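Below is one structure, written out as structure tokens, with a few remarks after it.
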Amino acid sequence: MFNLEFRQTTEADLEYVLAVEQHDENRPFILPWSREKHQAAIADPDIAHLIVQTSTVQTSTVQTFTDSVAVNVGFVILAGLCDPNDSIELRRIVITQKGQGYGQATLNQVKQLAFETYQAHLLWLDVKEHNHRAQVVYTKAGFKVEGTLRDRLKTTTGYESLILMSILRSEYQKS
């Protein structure tokens with residue numbers, strides 16, 4: 001298995017973040033932000049803008065030692081850290097290495113962070129209606145469908161609907 005860690009996004013990470021958002025595999029499922037919007041999010045105390053990393057072990061052939069190297073596998077944005085209703089939004093989760101379990105593992109750590117560190121009562125998100133892969137991951141992680149925001153987003157190809165999903169702290173604690 002792999003060990004995932006979150007760390008605060010820095011200015012130096014923004015090239016990575018912007019490239020990940022613009023990648024063909026990700027762009028249809030998110031609304032890419034400008035550099036300035038990401039910078040504002042990094043500086044906002046109500047938002048956690050986090051890089052998702054995994055450690056890989058490298059063994060030296062010259063000497064007998066191993067070294068751990070952190071590799072970026074995506075990023076996460078949580079909003080509402082100061083919400084008086086204890087409601088945190090999973091605003092963005094983008095994983096670069098698909099189909100390897102990083103998405104599910106990241107989502108589990110997001111839940112732990114939201115409910116155990118930030119003491120949220122509710123963790124919620126919206127997902128594009130056509131993003132079935134993400135909906136399956138969210139459902140496996142215990143999120144429930146709350147409803148649909150019909151034709152909420154105007155895009156270059158027309159309007160898109162969003163599915164609202166959430167998980168309560170009590171549901172998280174039972175899992």
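This chain uses plain numbering: 1 for the first residue, then up along the sequence. What you are looking at is a predicted structure, and each value in this text was computed from that prediction instead of being measured.
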Cluster check [X], [Y]: I/L/V/M/F/W/Y, side chain < 4.5 angstrom:
{"X": "Y118", "Y": "F115", "result": "yes"}
{"X": "Y172", "Y": "L4", "result": "yes"}
{"X": "L113", "Y": "I93", "result": "yes"}
{"X": "V76", "Y": "L81", "result": "yes"}
{"X": "V110", "Y": "I163", "result": "yes"}

Exercise for review: Report the C-alpha separation of D13 and F75 in whole Å, then their side-chain angles, then the decisive distance to 0.1 Å, and conclude whether the side-chain contact (heavy atoms from CB on, under 4.5 Å) test is met.
Suggested key: CA-CA 10 Å; D13 295 311; F75 73 97; over 6 Å; no
Under the side-chain contact (heavy atoms from CB on, under 4.5 Å) test, residues paired with [X] that sit two or more places apart:
{"X": "Q8", "answer": "L50"}
{"X": "K144", "answer": "E171"}
{"X": "L164", "answer": "W124, D126, E146, L149"}
{"X": "Q97", "answer": "V71, V73, Q100, Y102"}

Check your understanding: Can you check whether L168 reaches K174 side chain to side chain, under 4.5 Å on heavy atoms?
Key -> no
Exercise for review: Evaluate the side-chain proximity of R169 to Q119: yes if any heavy-atom separation is below 4.5 Å, no if none is.
Suggested key: yes
Revision key, fill the gap. Test side chain to side chain contact (heavy atoms under 4.5 Å, CB included), reference L107, set L90, L123, I167, output is L90
Could you give the distance from [atom1] ([X]) to [atom2] ([Y]), rounded to the nearest 0.5 Å?
{"X": "H132", "Y": "H130", "atom1": "NE2", "atom2": "NE2", "result": "8.5 Å"}
{"X": "T155", "Y": "K128", "atom1": "OG1", "atom2": "NZ", "result": "6.5 Å"}
{"X": "I30", "Y": "R91", "atom1": "CD1", "atom2": "CZ", "result": "13.5 Å"}
{"X": "T139", "Y": "M165", "atom1": "OG1", "atom2": "CE", "result": "3.5 Å"}
{"X": "K37", "Y": "D44", "atom1": "NZ", "atom2": "CG", "result": "11.5 Å"}

Check your understanding: Going through the distances and angles, do F6 and T106 end up as a side-chain contact (heavy atoms from CB on, under 4.5 Å)?
Key -> CA-CA 9 Å; F6 292 161; T106 299; 3.9 Å; yes
Point to revise | CZ (R7) with more than 12 external heavy atoms under 6.0 Å | key: yes
Check your understanding: Are there more than 12 heavy atoms of other residues, nucleotides or ligands under 6.0 Å from atom NZ of K140?
Key -> no
So, for [X] and [Y], which heavy atoms are closest and what is the spacing to 0.1 Å?
{"X": "S161", "Y": "T148", "value": "CB-CG2, 4.0 Å"}
{"X": "A41", "Y": "W33", "value": "CB-CZ3, 3.9 Å"}
{"X": "C82", "Y": "P45", "value": "SG-O, 3.9 Å"}
{"X": "T96", "Y": "G74", "value": "OG1-N, 4.1 Å"}

Review point. Hey, mind stepping through L18 and E21 against side-chain contact (heavy atoms from CB on, under 4.5 Å) and telling me if it holds?
Key: CA-CA 5 Å; L18 293 168; E21 285 187 329; 4.2 Å; yes
Can a donor-acceptor pair be found, under 3.5 Å and without considering hydrogens, that links the side chain of [X] to the backbone of [Y]?
{"X": "R27", "Y": "Q22", "answer": "yes"}
{"X": "R92", "Y": "L31", "answer": "yes"}
{"X": "S55", "Y": "N3", "answer": "no"}

Exercise for review: Could you check V17 against I51 for side-chain contact (heavy atoms from CB on, under 4.5 Å), going step by step and ending with a plain yes or no?
Suggested key: CA-CA 9 Å; V17 168; I51 297 293; 3.9 Å; yes
Exercise for review: Please collect all side chain to side chain donor-acceptor pair (under 3.5 Å) contacts where either partner lies in residues 72-86, sequence neighbours excluded, each pair once.
Suggested key: Q53-N72
Review point. What residues form a salt bridge (charged side-chain N to carboxylate O under 4.0 Å, His left out) with E129, not counting sequence neighbours?
Key: none
